[in-house]
Amino acid sequence: MAYNCLETETDDRVQIIRLSRPEALNAFNNELMNELTDALKAADADPKISCIIITGSEKAFAAGADIKEMADKTATEAYLEDFITSNWEQVTRTRKPVIAAVAGYALGGGCELAMMCDFIIAADNAKFGQPEITIGAIPGAGGTQRLARFIGKSKAMDMCLTGRMMGAEEAERCGLVSRVVPKAELMDTAIEVAKKIAGYSRPVSMMVKEAVNRAFETTLAEGVLFERRLFYSVFATEDQKEGMKAFIEKREPNFKDA
Ligand code: CAA
């Protein structure tokens, strides 16, 4: 499928989705978000795909929601069109693992979209921020909530109240990103990581994602119970039998996503 604001490519069992509105540093207008929703749904439904990467350009992952598109919006319009919720939430509804590969600016909605992914690999030139306060707004795609969970109250307050940017090194130090790599190695690393995940059993990797995400939605006791139920259910998969047999026979497993 051809998109105006995205470039898509598959590499083995990995779907790469590149945000591409260079004239606006990949700011999220409605067209881009509708296309992203469509591309994510397609990748999630495609049995040949096991892991997804969302990335941008070297200069910008994304500079946030499109300020020009939303500047004159009324509250009633935002409410009636279900602004943000209607076409941003697919990222969190995607069941296969989604990696954000971030170079350059990830600001406002750009930082929020990266945080909706399962983890973030950052280039050393990445800059994260929630600068909405500088334009008389507050984060609207989960920034105050997810940033506080990622990096704690003090730093989240600092970021959202001052609107300052955080570099890749600080982002790794405070747990916003899982690893930092030189800018030139970002995509190679992200693809290598995605292929590693895609090499495991797809139902099992999806269960891992579901279980970790539950940690952010429930109490420890309920989360552990949820994990335990999923753990029991892996014994119903052929891939668990194959994985453990392969270990015992000292060979590589041949997972069948079954
Ligand atoms: N929306 C619309 N257009 C944007 C944009 C945005 N968020 N960010 C950048 N652009 C456009 C600029 O208007 C400019 O277009 P023109 O050439 O037509 O003027 C082009 O992209 C290049 O941008 P700059 O000239 O500003 O580039 P720069 O290198 O000097 O600065 C920047 C880069 C620091 C990222 C700066 O563009 C910037 O501050 N952008 C806005 C960041 C921001 O406030 N994001 C939050 C948006 S609100 C939000 O996201 C709400 C939410 O929670 C959902």
Side-chain angles (χ1 to χ4, degrees), residues 3-7 17-37 40 54-94 98 100-117 120 122-151 153 155-171 176-177 183 186:
Y3 295 112
N4 286 329
C5 310
L6 301 179
E7 290 160 19
I17 301 173
R18 186 178 291 280
L19 311 170
S20 182
R21 269 192 88 206
E23 71 284 3
L25 300 181
N26 297 335
F28 300 138
N29 62 2
N30 245 327
E31 185 181 26
L32 189 155
M33 293 317 289
N34 287 336
E35 290 185 356
L36 182 60
T37 298
L40 286 169
I54 301 179
T55 192
S57 69
E58 281 197 357
K59 179 164 183 194
F61 177 72
D66 191 308
I67 299 168
K68 292 167 191 165
E69 193 181 71
M70 73 181 156
D72 294 326
K73 207 179 274 299
T74 67
T76 312
E77 282 165 356
Y79 182 75
L80 288 177
E81 74 191 49
D82 209 10
F83 181 46
I84 304 286
T85 314
S86 63
N87 57 8
W88 290 58
E89 299 273 314
Q90 182 56 38
V91 188
T92 56
R93 280 198 288 266
T94 301
V98 184
V102 174
Y105 298 111
L107 301 178
C111 185
E112 292 169 305
L113 185 93
M115 290 191 289
M116 287 181 200
C117 296
I120 303 172
D124 51 11
N125 75 334
K127 283 188 165 54
F128 298 87
Q130 297 290 161
E132 287 86 348
I133 197 165
T134 68
I135 54 168
I138 75 165
T144 59
Q145 303 306 296
R146 291 201 176 88
L147 200 59
R149 282 167 171 78
F150 271 91
I151 67 177
K153 175 181 169 181
K155 267 200 188 280
M157 285 286 191
D158 176 355
M159 299 296 292
C160 294
L161 284 172
T162 66
R164 79 173 173 92
M165 293 185 210
M166 175 189 274
E169 200 186 300
E170 184 181 1
L176 180 58
V177 310
K183 186 175 71 176
L186 177 66

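In each ligand, atom 1 is the first atom listed, and ligand 1 is the first ligand listed. Sequential numbering from 1 along the given sequence is applied to the chain's residues.
- Separation of atoms CD1 (Ile138) and CD1 (Ile133) is listed at 9.5 Å; rounding is to 0.5 Å.
- Although no hydrogens or angles enter the test, the distance criterion places a donor-acceptor pair under 3.5 Å between the side chain of Glu112 and the main chain of Ala141.
- Checked by atom type and distance alone, the side chain of Asn87 never pairs as donor or acceptor with a backbone atom of Met33 at under 3.5 Å.
- Applying the salt bridge (Lys or Arg N to Asp or Glu O under 4.0 Å) test to residues at least two apart or on different chains, the pairs with a partner in residues 21-37 are Arg21-Glu23, Arg21-Asp66.
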Below 3.5 Å only, please: the N or O atoms of ligand 1 paired with protein N or O atoms, distance on each line.
from     : atom 1 : to     : atom 2 : distance (Å)
ligand 1 : 1 (N)  : Ile67  : N      : 2.9
ligand 1 : 7 (N)  : Ala63  : O      : 3.0
ligand 1 : 7 (N)  : Ala65  : O      : 3.0
ligand 1 : 13 (O) : Lys68  : NZ     : 3.0
ligand 1 : 15 (O) : Lys68  : NZ     : 3.4
ligand 1 : 18 (O) : Lys68  : NZ     : 3.3
ligand 1 : 21 (O) : Glu23  : O      : 3.4
ligand 1 : 29 (O) : Lys59  : NZ     : 2.9
ligand 1 : 45 (N) : Ala63  : O      : 2.9
ligand 1 : 50 (O) : Ala65  : N      : 2.9
ligand 1 : 50 (O) : Gly109 : N      : 2.8
ligand 1 : 53 (O) : Glu112 : OE1    : 2.6
ligand 1 : 53 (O) : Glu132 : OE2    : 2.8
ligand 1 : 53 (O) : Gly140 : N      : 2.9

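- Judged by distance alone, the side chain of Arg164 and the main-chain N or O of Met159 form no donor-acceptor pair under 3.5 Å.
- A side-chain donor-acceptor contact under 3.5 Å links Thr55 to the backbone of Ala101.
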